[in-house]
Structures are given as structure tokens and as C-alpha cells.
Amino acid sequence: MPNPRELPIYELESAIVEAVRAQGRLIVQAPTGSGKSTQIPQMLLRHGFLDGGEVVVLQPRRLATRMLAKRVAEEMETPLGDIVGYQIRLESRLSKHTKIRFVTEGILLRQMSFDATLSGVNVIVFDEFHERHLYGDISLARALQIQQSTRPDLKIIVMSATLDAGALKNYLSPCEVLVSQGRSFPVKIEYLQKTADFEREPVWDVAARECARVAAQSAGGDFLVFMPGAYEISRTVQALQGSRELRDFVVFPLHGELPPEAQDRAVARYDARKIIVSTNVAETSLTIDGVTVVIDCGLARVARFDPHRGINTLLIEKISVASADQRAGRAGRTAPGVCVRLWTEREHAQRPAQELPEVRRLDLAEVVLTLKASGIDDVAGFPWLEKPDAKGLERAEMLLEDLGAVARHEKDAHATITETGRRMLRFPVHPRYARMLLEADARGCVRPVAMMAALVQGRNFLLRGVPRAVEEAREDLLGEETESDFFLLMRAWRFADQNRYSMDACRRLGIHSMGARQVGPLFAEFLRIAEREGLDAGEKRVEGEAVSKCVLAGFSGQLAKRLDAGTLRCDLVHKRRGVLARESAMQRAPLFVAAEVSEVEGRGGEVNVLLSMATAVREPWLKELFPDAYFEATSVVYDESAKRVIAKRERRFRDLVLESRASADDVPYDAAAALLTQQVLAGKIKLEQWDENVEQWIVRVNRLAEWFPELEVNPITDADRATLIEQICYGELGAKDVRGKPVMPVLRDWLTAEQLAVIDDYLPERLVMGNGRRSRVRYAKEGPPILSARIQELYGVEGRFTLGHGRVSVKIEVLAPNQRPIQVTDDLTAFWRDMYPKIKAELSRRYPRHEWR
DNA sequence: GAGCACTGC
């Protein structure tokens with residue numbers, strides 16, 4: 001470790017001491033590597049600022065909080081948790097001697113809302129303030145208020161790497177600004193000569209081209225490519241791996257939802273040169289050593305809360321100058337570097353200097369409640385560093401009023417906190433979940449609801465977009481769920497917990513084990529608070545219905561009704577629209593509440609309002625929970641004329657359908673299937689494309705024919721069925737699908753046991769149809785023996801392979817010397833196609849009246 | 001052949 005006294009920040013020591021003593025407020029502008037975070041607290045201690053009190057150092061991230069405390073304790077040669085300590089959610093190393101306390105931002109805000117004088121705190125240091133997190137902004141404003149009113153002796157230091165110090169200086173005035181240099185290497189910035197058109201040439205191709213160009217010139221070091229999300233990352237990885245100039249590089253994707261092993265792989269050191277393609281995780285949260293080249297696409301997915309619609313959005317936006325500089329800085333940590341920006345210098349000048357701070361873009365409900373609890377009823381008049389959008393404040397107050405956390409009395413200009421609101425604030429969660437917990441007390445289900453709140457606090461630990469095999473394992477181990485996605489998550493967590501969060505077990509179900517690990521302690525914390533607040537948190541038998549009603553109480557503003565059974569489109573209350581999430585288990589619930597509503601920009605710029613974490617709701621509950629709001633809540637759902645047509649059609653069949661085991665949702669499908677099948681049988685449509693739904697058609701058509709004779713649907717006889725099957729088989733062999741790709745034959749369910757026996761050697765095992773939630777075909781994990789033998793023969797290893805629509809691909813868990821996984825997709829597809837003549841010959845023998853082409 | 005950035009009490 002270099003001598004800390006040589007860090008650049010020491011040049012400012014006397015100035016810092018003087019400014020803190022004279023004004024009690026100070027801004028230190030210093031980049032990473034200046035030593036500010038570790039040294040300034042020690043300076044304060046040495047110069048007597050911490051006599052009879054402590055310094056609290058605010059950090060935006062838990063990991064940094066822990067690491068900084070550890071380093072300062074080491075430098076001071078004291079055990080961690082004695083003079084120097086830290087405190088993050090559910091974890092602290094403190095003692096009564098602690099003088100330097102590193103904390104995450106939420107800790108201080110909560111401390112302030114329960115102890116308005118901050119007794120025992122002499123100095124507050126706001127580190128990394130330029131990140132402008134919501135809690136940081138609020139805490140600073142509150143600290144200033146406290147300093148002005150009851151604690152004139154309180155010292156405030158704001159530190160940041162880059163900052164528009166002008167506005168902040170005014171805000172803190174009178175206040176001095178001290179500037180220090182950092183220790184990093186120069187980074188040469190390059191811009192594109194002319195504007196890139198990502199519509200014409202996708203961003204991943206441009207990035208790959210620039211990588212290849214720079215690789216030809218640069219001597220050594222790793223590359224870091226910034227992309228806005230997982231999809232763009234995977235396309236970039238493909239493009240890079242296909243580039244001849246980059247064949248000596250190993251390429252790794254990196255983003256937050258990757259399993260931990262994959263993240264470790266990306267950050268590890270290799271003999272070969274490396275390209276990491278990453279999201280914003282690599283901008284602030286993760287440091288990666290050895291990077292000398294940064295390729296920055298200049299885009300990021302940015303979370304906002306739209307106060308007009310009351311929904312979250314996640315759209316791709318251009319990053320600010322400050323953010324681009326931060327990304328560029330990643331190339332100069334260990335040696336001089338290069339940063340290529342995929343935009344022009346001219347465009348750069350038009351970019352905003354900073355990202356919009358979180359107060360201007362996030363849901364304010366929780367902080368508004370915090371302010372009201374501190375007696376600040378006029379939240380618009382609060383001394384914000386940056387005043388939030390008026391609509392945002394209004395939306396927050398409206399929600400709090402809906403939840404009963406604040407109330408407006410006629411004589412008051414502003415809503416004030418209620419007793420319910422105060423009780424809600426005891427729980428460190430979004431007010432919606434706090435409200436759910438209080439509702440749970442009334443309904444005798446505090447434990448499961450506390451669990452549900454714990455399940456959704458961290459990042460989603462049930463990974464999305466997992467392989468088919470993982471999906472199957474989930475279905476097998478977690479079972480069917482029709483009441484709530486929360487229950488499925490609960491079972492997933494229980495599975496992880498019972499398996500002690502083992503990596504293997506978690507990987508099998510696509511569970512992020514670190515994420516799942518957080519749930520238990522949070523659950524325990526919520527239960528502790530519940531008990532302290534006098535809620536009945538005992539174990540007891542609980543009806544699912546009671547729990548669902550609690551969700552409805554917390555999320556009544558996110559009530560949704562399916563528009564039809566054929567699509568996932570929904571109406572939301574307050575005249576909004578959305579689409580039920582594909583991964584939701586509530587695919588059959590006509591009415592539900594979504595605990596998450598988020599507008600997301602996906603590939604190709606397509607934007608969808610996605611409704612996830614759904615809980616099925618029954619209409620009578622609305623009347624029960626919201627006797628007054630009932631008509632408001634449901635009229636939107638029913639009043640549009642388009643829906644009347646659907647409702648009418650549904651009513652016509654409902655009585656009959658309800659007698660059977662099927663639901664009214666099936667009727668449109670049945671009708672469509674009947675139509676299609678009749679057309680096929682009449683020879684009007686040629687069934688060229690194998691369709692996994694055909695067997696279901698038959699069931700549906702016959703059910704429809706039986707139930708609704710007035711429709712005059714012809715039932716499908718066994719002879720018809722045989723014809724269909726033959727048509728399908730015929731169509732499959734050598735047929736092409738709509739994209740012109742060959743379609744693989746998957747025949748098992750269509751043929752007799754005898755026929756199957758003949759071709760079994762050539763065909764993969766086909767399993768049952770989907771379970772209705774997803775009517776997709778499931779394939780066996782293992783393919784036909786003949787294919788496994790071929791893999792052995794070709795590669796001398798045991799291969800695992802996946803069978804898809806039109807191609808056979810093999811993934812072999814062996815890395816080539818250049819760390820690239822071996823890809824053998826095409827070879828095997830070709831090999832597979834060679835099997836066709838044999839299959840055809842056999843079929844011709846069995847079905848001589850057909851000509852098998 | 002799709003639909004998802006990062007944190008924090």
C-alpha cells in the first residue's frame with residue numbers, strides 16, 4: 001500500500017480544516033484516486049472535530065461502504081468496528097467508541113426521521129454526491145435544515161468527482177469549494193467523423209468495427225464496450241466473435257442479471273486479451289483492472305417514473321457528458337488509454353452536462369412520507385437542491401392519500417401524516433408494501449405478507465429468459481400457480497433456502513443465489529418491526545385469499561383486466577394500457593393487480609408497458625375493499641365500446657362453458673381452431689408448416705362442436721385426424737417455414753408405436769405438450785443416441801445439445817485454447833439433414849400411397 | 001426468434 005500521506009488530497013489538508021472550522025460547510029471536488037474518502041475522515045479526527053461525537057460518511061453503495069471502513073481501520077491500525085465502523089442495511093460493525101462511521105445513504109435518512117437533532121453526529125460527509133441519488137439529496141437538505149435550526153455546530157462536507165459546483169455552492173452558501181487532482185492516466189478521446197445511423201448499421205456492428213480498428217493499432221490492454229442492455233450486449237458479443245481481426249481476443253458479456261459465475265468470468269484475468277461488453281454496471285459499481293480501451297455507444301437504459309401515468313419507464317437514452325467522461329475514465333486506471341465515442345464531437349456538445357438527478361425522475365412517495373413525518377407538510381416549499389416536478393409531488397401525495405398515510409383536512413392547505421402513515425413509516429419499504437403489512441394485520445396474515453415484501457426488495461432473483469431446461473425444472477419443482485406470482489417466488493426462495501443457496505441447485509432453477517440470500521434476513525427484520533409495532537406476526541394457517549386482498553389494498557391503483565384471451569393485452573385502471581408479463585403465472589386470470597408496472601424499451605426500439613408480479617383478484621373483493629371507489633375502479637375496465645363486443649360474445653357462451661371444465665377464455669381459440677381445421681380438411685389451406693398446436697386444435701374443435709351445436713362445427717373424426725397427421729408429416733419433411741428455414745420433423749405424438757420404433761434412432765425424444773400456461777412443445781434434454789455418438793466421434797467429448805425449430809445446435813462445455821466455447825451448430829444440422837432420406841424411405845415403405853419427397 | 005439499466009432503508 002502506498003503511503004496515504006502522499007495522496008493528492010493532503011495538499012488541501014490545511015484548507016479543509018480551516019474551511020470546516022470557519023463555515024461549517026465545504027465542497028470538495030476531487031476525482032477518484034485522490035484519497036478523499038479515506039483521508040478526510042481521518043483529518044477530521046486528528047484535528048479535533050470529532051471530540052464528543054462522530055463523523056458519518058455517506059456512501060451510495062454497500063460494498064464501497066464496507067471496503068472504505070476496512071481500509072481506514074487498517075490505516076489507523078485499529079480493529080474494524082472500534083474507532084472506525086460501518087453500517088449498512090441489516091449489517092453493522094460499530095461500538096460506542098466509533099468516531100468514523102461509514103453508512104449507506106438510506107441509513108442516515110432513517111436516522112434523521114427518527115432523531116431530528118442527530119445527536120452525537122458532529123460532521124456529515126456526503127461522498128460521491130455527483131451521483132445525485134434520491135436519499136442523498138434529501139439527506140443533504142435535511143442536514144442543512146437541522147444545521148440552521150437546532151444544530152449550528154453540525155459540520156457538512158459534500159464531496160464529488162465531477163459536479164456543477166456553481167448550483168451546489170449557492171445552495172450551501174456561505175460555503176467554500178476546494179479542488180483536488182486525482183491520480184489517473186490520460187485517456188485520448190476519439191469521436192466518429194460522421195453521425196452513426198444505428199437504424200442502418202446496428203450499434204453492435206459499429207462497435208465491433210471500431211474495436212477491430214483500435215485493436216490493430218493498440219499494443220496491449222483489455223477493451224471495455226458499453227451497451228445499453230442485455231440484448232445489445234449479446235448482439236455485440238456475436239459481432240465481435242465473428243470478426244477476424246479480433247480472433248485473438250476473448251469476449252465476455254457483463255450485466256446485472258447474469259448469474260454470478262458469468263460475472264466472475266468477465267472480471268477474471270486471462271492470458272489472452274479480453275473484451276468485456278457491459279452495461280452501466282461497469283460505469284460505477286464494478287471496477288475492472290487492465291482496461292486501456294473503452295468503446296462507448298453513448299446510450300443507456302434509464303429508469304424514470306412518469307408521474308402523469310403513475311408508471312415506471314425504462315427507455316434507451318443518450319448519456320450525459322459527465323457519464324461519458326466517467327465511462328472514458330475506465331480506460332485510464334492502470335495505464336494511458338483510449339476512448340472511442342460512437343457519436344460526433346459536434347453531437348457531444350449538445351448532450352446534457354449531467355444526468356437528471358433522481359429527485360427529478362423517480363417515484364417520490366416514500367420520501368414525501370418521510371418529509372411529512374418530519375413535520376414538513378408543504379413539500380413543494382421544502383428547500384430542495386433541485387425541485388422535483390410538481391406533478392411528481394402531486395402524484396406522490398395522491399398515492400399516500402389513497403393508502404391512508406396522509407389526509408387533507410379542509411382547513412389545512414397541505415395534507416398531513418396520519419397515524420396509519422406513521423405506522424407505515426416504521427417499515428423500511430415503499431408505502432405500498434407498508435400498507436400491505438398493515439392490511440395483513442387486520443386479515444391475520446402478517447407473516448406471508450412480510451415474506452412477500454422481502455421477496456421484492458432487492459433485484460429480481462428469479463432470472464428471466466432462462467433456457468428451456470431451466471423452465472422445465474421450475475415447472476417440475478415449483479408446480480402450478482394460479483393465485484399470485486408472489487407465491488411462485490416464495491416457493492423459489494424456499495427451494496433456494498432449503499438447498500442452502502448452493503450454486504448448483506440455484507443454477508438449475510435460474511435463481512440468483514446472492515439475491516435469494518437477502519430475502520431471509522429482510523423477512524426477519526420485517527417480522528421484528530411488525531412485532532415491535534404490535535402487529536400479530538404469529539404463525540398460523542392463512543388463506544391465500546386474505547393475502548391476495550392485502551396485495552389489492554396496496555396496489556389498487558394497478559388493477560388490470562385482460563382484454564382477451566388470445567393476447568396478453570390489458571386495461572389498467574385510470575385509462576391506461578399494458579401487457580401481462582410473459583413470465584407471469586397468472587396467464588388465465590381475467591382480473592389481477594400488478595405489483596410492478598413498467599414501460600420497457602426492448603429490441604428494435606419497441607416499447608411496452610409490462611405488468612408483472614401479478615396477483616389474481618375477484619370482482620367481489622373490489623366492493624369489499626373499496627365500497628366507494630368500486631365504480632371508479634371498474635368503470636374504466638368496462639366502459640370502452642370495443643370491450644362491449646367481447647363481453648357480449650363472452651356472455652353468450654359463458655353459462656354453457658362454466659358448466660364444463662374449460663374457461664370462457666378458450667372460446668375464441670376454439671373458434672379459430674375450428675375455422676382453420678375445416679379449411680385444412682377442405683384443402684383450402686395447405687399445412688406446410690409443422691405446428692405444435694394441431695393436436696390441441698382437434699380437442700378444441702371437438703369440444704366446440706359438442707358444446708355449441710348452433711355453430712355447426714364439424715367434429716374431427718379419427719380418419720380426419722389421420723389425414724391431418726399425414727399432411728403434417730408430409731409438410732414437415734423438406735418443408736420450409738415462413739422465413740425459408742427448413743423445419744425439423746418432430747413426429748412422436750403423430751405416429752403409432754410401431755412407426756416410432758422404426759425411426760426412433762433418428763429422432764429426438766419428444767415430450768408432452770405444454771401444460772396450458774405455455775402450450776409449447778418440450779423436448780428431452782438428451783437427443784437421439786445416434787447424434788450423441790456423432791458428437792463423441794467428432795469432438796471426443798460429451799456434448800449437450802439443444803434442439804430448436806429448424807436447427808440442431810450443440811453446446812459443449814469445453815473452451816478452446818482462446819477461451820471461446822466450441823460452436824458446432826452448422827456441422828450437426830447438416831449431418832442431421834442427411835438423415836432425411838432414411839426417414840423418408842422408411843415412411844414410404846409404411847405409407848406407399850404417399851409420395852415422400 | 002421476445003420484453004428489462006443500476007442502486008438503497
Side-chain angles (χ1 to χ4, degrees), chain A residues 58-65 87-92 103-114 128 131-139 226-235 254-258 278-286 299-304 312-317 319 323 355 358 361-362 366-367 369-370 425-431 433-434 453-454 457-460 463-465 518 522 525-526 529 568 578-584 596-612 737-739 741 774 776 804-807:
Chain A
L58 253 65
Q59 288 294 324
R61 277 167 289 281
R62 293 183 195 168
L63 190 64
T65 310
Q87 189 179 5
I88 61 183
R89 182 174 210 172
L90 300 175
E91 185 182 325
S92 68
V103 303
T104 38
E105 288 166 334
I107 296 272
L108 183 72
L109 187 62
R110 288 201 83 73
Q111 190 184 346
M112 281 173 166
S113 63
F114 296 115
E128 310 281 356
E131 294 189 18
R132 297 298 303 278
H133 292 174
L134 187 50
Y135 292 164
D137 267 26
I138 305 283
S139 313
F226 282 102
M227 283 286 150
Y231 171 64
E232 294 80 6
I233 286 172
S234 75
R235 296 301 298 258
L254 178 62
H255 56 85
E257 265 206 20
L258 235 39
S278 174
T279 59
N280 260 350
V281 257
E283 189 180 310
T284 48
S285 307
L286 279 176
L299 303 169
R301 282 196 170 78
V302 178
R304 293 171 186 275
N312 294 311
T313 63
L314 189 60
L315 306 175
I316 296 176
E317 298 182 16
I319 62 169
S323 175
E355 306 304 326
E358 284 185 356
R361 28 173 264 250
L362 296 187
E366 200 175 348
V367 293
L369 186 60
T370 310
L425 202 63
R426 292 284 164 178
F427 292 97
V429 290
H430 189 277
Y433 285 98
Q457 288 309 298
R459 72 177 307 129
N460 178 18
L463 302 177
R464 283 178 287 103
Q518 320 263 341
L522 278 170
E525 191 201 13
F526 296 160
I529 298 171
L568 296 172
V579 189
L580 177 62
R582 265 201 305 271
E583 73 272 13
S584 170
E596 275 162 31
V597 178
S598 190
E599 185 176 56
V600 170
E601 178 164 358
R603 55 196 67 182
E606 194 190 332
V607 176
N608 273 309
V609 176
L610 301 175
L611 312 176
S612 44
D737 72 10
V738 282
R739 292 159 304 156
K741 293 188 179 168
R774 284 198 192 140
R776 285 193 194 143
H805 181 63
R807 55 193 275 192

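Below, chains carry the letters A, B, ... as their sequence lines are ordered, and counting in each starts from 1. This is a predicted model, so every value here is computed, not measured.
- As judged by a 4.0 angstrom heavy-atom cut-off over every strand, Glu358(A) is placed among residues making no nucleic acid contact.
- Contact annotation for Ala303(A): base contact, defined as any heavy-atom pair under 4.0 Å involving a base atom.
- Residues Glu105(A) and His133(A) have side chains that bring a donor and an acceptor to within less than 3.5 angstrom of each other.
- Atom CG of Leu134(A) and atom P of dC6(B) are 19 Å apart (whole Å).
- A heavy-atom distance below 4.5 Å is not found between the side chains of Ile319(A) and Phe226(A).
- The residue Ala230(A) sits close only to the backbone: its heavy atoms come under 4.0 Å of sugar-phosphate atoms, none of a base.
- Ion pairing between Arg304(A) and Glu317(A) holds under the 4.0 Å rule for side-chain N and carboxylate O.
- Distance, Ile88(A) CD1 to dT7(B) C1': 13 Å, rounded to whole Å.
- The CG atom of Leu299(A) sits 15 Å away from the P atom of dC4(B) (whole-angstrom rounding).
- No engagement by Glu283(A) is indicated, since no non-hydrogen atom pair under 4.0 Å with the nucleic acid exists.
- Take the nearest nucleotide of DNA chain B for Glu525(A) and for Leu580(A): the residue whose nucleotide is more 5' is Leu580(A).
- Residue Leu522(A) contributes atom CG, which lies 15 Å from atom C1' of dT7(B) at whole-angstrom precision.
- Nearest nucleotide to the side chain of His255(A), out of dC6(B), dC4(B), dC9(B): dC6(B).
- Atom CZ of Phe427(A) is separated from atom P of dG8(B) by 23 Å (rounded to the nearest Å).
- Between Val429(A) and Gln457(A), the closest side-chain pair of non-hydrogen atoms falls below 4.5 Å.
- Look at CG on Asn460(A): it is 12 Å from P on dA5(B), rounded to the nearest Å.
- Side-chain atoms of Arg464(A) lie closest to dC4(B) of the nucleotides dA5(B), dG8(B), dC4(B).
- The side chain of Tyr231(A) lies closest to dC4(B) when the candidates are dC9(B), dC6(B), dC4(B).
- Between the side chain of Glu583(A) and the base of dC4(B), a donor-acceptor pair under 3.5 Å is found.
- Here the side chains of Val597(A) and Asn312(A) are not in contact, with every heavy-atom distance at 4.5 Å or above.
- The listed nucleotides are dG8(B), dC9(B), dA5(B); the one nearest the side chain of Arg61(A) is dG8(B).
- Two residues, Leu611(A) and His430(A), neighbour DNA chain B, and the one matched to the more 5' nucleotide by heavy-atom proximity is Leu611(A).
- Among the nucleotides dC6(B), dC9(B), dA5(B), the one closest to any side-chain atom of Arg459(A) is dC6(B).
- Between Ser612(A) and dC4(B) there is no side-chain N or O to OP1 or OP2 distance below 4.0 Å.
- Atom CD1 of Ile316(A) is separated from atom C1' of dC6(B) by 15 Å (rounded to the nearest Å).
- Counting non-hydrogen atoms under 4.0 angstrom, Leu109(A) reaches nothing in the nucleic acid.
- Residue Arg62(A) places none of its side-chain N or O atoms closer than 4.0 Å to OP1 or OP2 of dT7(B).
- Side-chain proximity of Val281(A) to the nucleotides dC9(B), dA5(B), dT7(B) is greatest for dT7(B).
- The shortest distance between the side-chain N/O atoms of Arg301(A) and the OP1/OP2 oxygens of dA5(B) is below 4.0 Å.
- Ile233(A) has its CD1 atom 20 Å from the P atom of dA2(B), to the nearest Å.
- Pairing each heavy atom of Gln87(A) with each of Thr65(A), the nearest pair is O-CG2, 4.3 Å.
- Residue Ser598(A) places none of its side-chain N or O atoms closer than 4.0 Å to OP1 or OP2 of dC4(B).
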